[in-house]
Amino acid sequence: MNVLDDLAGGLVVSCQPLPDDPGDPMRDPYVQARVAAAVVRGGAVAVRVNGPGDVAAVRPVVDVPVIGLYKHGTEGVVITPTAAHALDVALAGADIVAVDATDRPRPDGRTFAETVRLIRERTDVLILADVATAAEGVAAVEAGADAVATTLSGYTPASPPTDGPDLGLVARLAAQLSVPVIAEGRYRTTEQIGQAFDAGAHAVVMGNAVTSPLWITRRLVPATPRAASAPEKRE
């Protein structure tokens, strides 16, 4: 038994400000801690949180597993790109650390397997491999990952973008792997959640559709008459 068992059959909520908008008013550890407490009260079985500051703020206010990550940089491998970043969020209180496990080069030159070994040497935190393809998922488990998530499908050169979640990748990973498969990436409806579990997901992660007022509002406003009549902005 480990904390991954606590996620089985449940909804994980990602509590993060928009990464591409530095002015997002939600970008505050106290705010993210309140958001995390609210989604847990609503039934989330775990939360996914970015950065040691937010992890440290969230950990005392929730009684569910905290999946920590550390986004650093803007291109290539961004999600917990090095073992040092992983250790930072582990020490801040994360139970599980999400790490980019794609086959792209990492900023410190290490492979994912080498990164896993370094993390294992210094902490007993569990490692969630964020991948974009089935081959990357298989390689991540061979390297020692405790679970695999479809987080990066549609965001790398090896995986074409789609409007909705990559349910096919969930099914392929679930059929090939002996570790839990976490469905993540563009999940926005209850129907999609059900489809992910039907495909073999251990748990499903939803983020912006639950926790980002800025993202939600931007999707809704175009349906209003005011938006339709607004003059086009010129660059």
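Scope of the values below: all heavy atoms of this structure, side chains included, with no hydrogens, waters or symmetry mates. Since the model is a prediction, treat every value here as computed from it, not as a measurement. Sequence positions, counted from 1, serve as the residue numbers for this chain.
Residues passing the ring-ring contact (aromatic ring centres under 6.0 Å, His included) test with Y187, sequence neighbours excluded: none. Scanning for ring-ring contact (aromatic ring centres under 6.0 Å, His included) contacts around H85 gives Y70, H72, with sequence neighbours left out. By the salt bridge (Lys or Arg N to Asp or Glu O under 4.0 Å) test, R120 pairs with D146, sequence neighbours left out.
Nearest heavy atoms, D54 versus D28: OD1-C, 4.2 Å. Nearest heavy-atom pair across T115 and T82 is CG2-C, 4.2 Å.
Residues S14 and Q16 have side chains that bring a donor and an acceptor to within less than 3.5 angstrom of each other.
With side-chain heavy atoms closer than 4.5 Å counting as contact, directly or through intermediates, the hydrophobic cluster containing L220 also holds L18, L214, W215, I216. Other residues sharing the hydrophobic cluster of I67, ordered by chain and number and joined by side-chain separations under 4.5 Å: V3, L4, L7, V12, V45, I96, L126, L128, I182, V205.
Side chain of T80 to main chain of A98: a donor-acceptor pair is present (N/O by atom type, distance under 3.5 Å, no hydrogens or angles). Judged by distance alone, the side chain of N50 and the main-chain N or O of K71 form a donor-acceptor pair under 3.5 Å. A side-chain donor-acceptor contact under 3.5 Å links R59 to the backbone of V62.
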Verdict with reasoning, D166 to R186, per salt bridge (charged side-chain N to carboxylate O under 4.0 Å, His left out): CA-CA 8 Å; D166 192 343; R186 302 177 298 280; 5.6 Å; no

Steps toward salt bridge (charged side-chain N to carboxylate O under 4.0 Å, His left out) verdict (E114, R106): CA-CA 11 Å; E114 291 169 337; R106 308 177 72 81; over 6 Å; no

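Each salt bridge (Lys or Arg N to Asp or Glu O under 4.0 Å) pair with one or both residues in residues 4-27, not counting sequence neighbours, appears once here: D21-R218.
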